[in-house]
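Contents: one structure, followed by commentary.
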Amino acid sequence: MDEQRQFRAIKGVRDILPPDSSLWNWFESTSRRVMESYGYREIRLPIFEETELFARSIGADTDVVSKEMYSFQGRDDSSVTLRPEATASVIRAYIEHGMHVNPGLTKLYYIGPMFRRERPQKGRYRQFYQIGAEVLGQSDAPAIDAELIEMLVVLLAECKIEKWTLLLNSIGCRDCRPKYVEALRKALAGVKEKMCGDCQRRAETNPLRVLDCKVPQDQPVIAQLPSVPDYLCDACRAHFAALEEQLKLREIPYTIAPRLVRGLDYYMRTTFEITSPVLGAQNALVGGGRYDGLAELLGGQPTKGIGFALGTDRFIEAIREAGKVDAALRLDVFIAWLGGPASKQVYPVAVRIARKLRGAGLCVELPPEEMKLKKSLGLADKLGARYALIIGENEVAAGRYALKRLADAQQRELSEGEIVEYVLSQRNAQKT
Ligand code: AMP
């Protein structure tokens, strides 16, 4: 009686299919290469953690913690949560494994899915992907902040994304931020009635979070609220000025965004965002900032830290929009084998040659069953193969094979030893 039911991916999550997955792989390996050239090493983290880890670090009154986490009961009745971001996990691991004894700065990067129960729309998913990096240690030198940003600028250039804006701010430290928050609270007292319900609540509980509000009607009110840099203490002001110097010497353009506080509670001093004009409403490509003191909050030694997370889904969209990266994988050789009654002699040769070509790093399709030559060549064409290698009874007997270039049907006879070398040399010639 069971009705035949077709399953679909649940709302807000999606499949990344070929050929898109090739661009994803290209982007991930490009990111790894760039980050590793700056001395970052990969950390692989668990997908779920104790709920309390996120609540304590991200902040109970943030949207992420109060509304968006996928939490469930673990076996021992403790609450666990699918990670909505990874900085908290990196710090947890840094403390757990005593990484503070590492020489110099500890520079880590991660790649993987994050989970937030947000309202799905273009560029906003419930399972989305981030690549992030963190620098942890005893120094908060502005050159660290600037080099982290430089690394992102290099990545954008590698992706041929030319249009982007770096928004920069400082949100102060434990000494000066309370004064700003007080000023904000006072200013909000007079205007909060004009704002959305969430902001009215946050005006009391966590006024900084009002600045993250994305409700369009609230924006004119937010634009009139006190601006953070006006309240910075001397030390924070000097740190910010030095960061600006550092960015200038690296020739990185930026725009100061005096109300950019970012949606997570743990930030202090530097905050930044990189936006793209081609992405529509969800235009933030990267978000990051400094979080000195977060390690102490999570039970570790006093540690300085800064990091970023970029949204892979959005980066891929921006790369596609720019249209200058070709990450498509091509089929190099389709093996058209046939032998009729003699196929028992032909097929082993085809298997052997396929393995040889693949061993040389070429992409090869070997049909599992014999096909008529015309059908083989037709399929090779549809699959976008560069070459068809024809292996029949006569070719096996003569030890010479016909390699046909499908673009122009040009054909040449090659021995088994010559095939690999020829296809490789042609492929390399095309790349240069
Ligand atoms: P955050 O962890 O909120 O600072 O976000 C860092 C970056 O992750 C953002 O700039 C986006 O590019 C990306 N991101 C955050 N939330 C989502 C989401 N729900 N869907 C897709 N990308 C996201």
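Order of listing sets the numbers, starting from 1, for every ligand and every atom in it. Sequence positions, counted from 1, serve as the residue numbers for this chain.
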Report, in ascending order of atom number, the atoms of ligand 1 lying under 4.0 Å from any heavy atom of Val286.
-> 10 (O)
Backbone or side chain, does any N or O of Arg262 fall under 3.5 Å from an N or O of ligand 1?
-> yes
Determine whether the side chain, the backbone, both or neither of Arg124 has a heavy atom under 4.0 Å from any heavy atom of ligand 1.
-> both
For atom 19 (N) of ligand 1, grab the closest protein heavy atom and report residue, atom and distance to one decimal in Å.
-> Glu118 OE2, 2.6 Å
Show your reasoning for whether salt bridge (Lys or Arg N to Asp or Glu O under 4.0 Å) applies to Arg262 and Glu273.
-> CA-CA 8 Å; Arg262 312 222 352 93; Glu273 214 165 82; 3.1 Å; yes
With a 4.0 Å heavy-atom cut-off (strictly under), which part of Val64 contacts ligand 1: side chain, backbone, both or neither?
-> neither
min-distance protein heavy atom vs atom 3 (O) of ligand 1 -> Arg116 NH1, 2.9 Å
Decide salt bridge (Lys or Arg N to Asp or Glu O under 4.0 Å) for Glu118 and Lys67; before the verdict, give the C-alpha distance in whole Å, the side-chain angles of both, and the deciding distance to 0.1 Å.
-> CA-CA 8 Å; Glu118 294 194 86; Lys67 304 183 196 165; over 6 Å; no
Sidechain N-carboxylate O distance under 4.0 Å for Asp20, Arg320 = yes
Measure the distance from atom 21 (C) of ligand 1 to every protein heavy atom, then report the residue, atom name and distance (to 0.1 Å) of the closest one.
-> Gly123 O, 3.2 Å
Does Gln130 reach ligand 1 with a nitrogen or oxygen that is under 3.5 Å from one of the ligand's nitrogen or oxygen atoms?
-> yes
Using the six-membered ring wherever Trp is involved, compare the ring planes of Phe27 and Phe315 and label them parallel, tilted or perpendicular (cut-offs 30° and 60°).
-> parallel
May I ask you to check whether Tyr125 has an N/O atom sitting below 3.5 Å from an N/O atom of ligand 1?
-> yes
With a 4.0 Å cut-off, would you call Lys192 and Glu204 a salt bridge?
-> yes
Starting from atom 13 (C) of ligand 1, find the nearest protein heavy-atom neighbour and note its residue, name and distance.
-> Gly311 CA, 3.6 Å
Check Val420 against Leu362 and note the closest heavy-atom contact, atom names and distance.
-> O-CD1, 4.5 Å
Find all atoms of ligand 1 within a distance of less than 4.0 Å from any non-hydrogen atom belonging to Leu285, and give their numbers and elements.
-> 10 (O), 12 (O)
Between Phe128 and ligand 1, is there a nitrogen or oxygen pair with a distance under 3.5 Å?
-> no
In terms of side-chain geometry, is the basic nitrogen of Arg290 or Asp140 positioned less than 4.0 Å from the acidic oxygen of its partner?
-> no
Under 4.0 Å to a heavy atom of Ala309 - the qualifying atoms of ligand 1, by number | 6 (C), 7 (C)
Interfacing atoms of ligand 1 (cut-off 4.0 Å, heavy-atom, Ala284) | 9 (C), 10 (O), 11 (C), 12 (O)
Do the two ring centres, one from Tyr109 and one from Tyr40, sit under 6.0 Å apart?
-> no
Please tell me if the side chains of Pro253 and Lys248 come closer than 4.5 Å, counting only heavy atoms from C-beta onward.
-> no
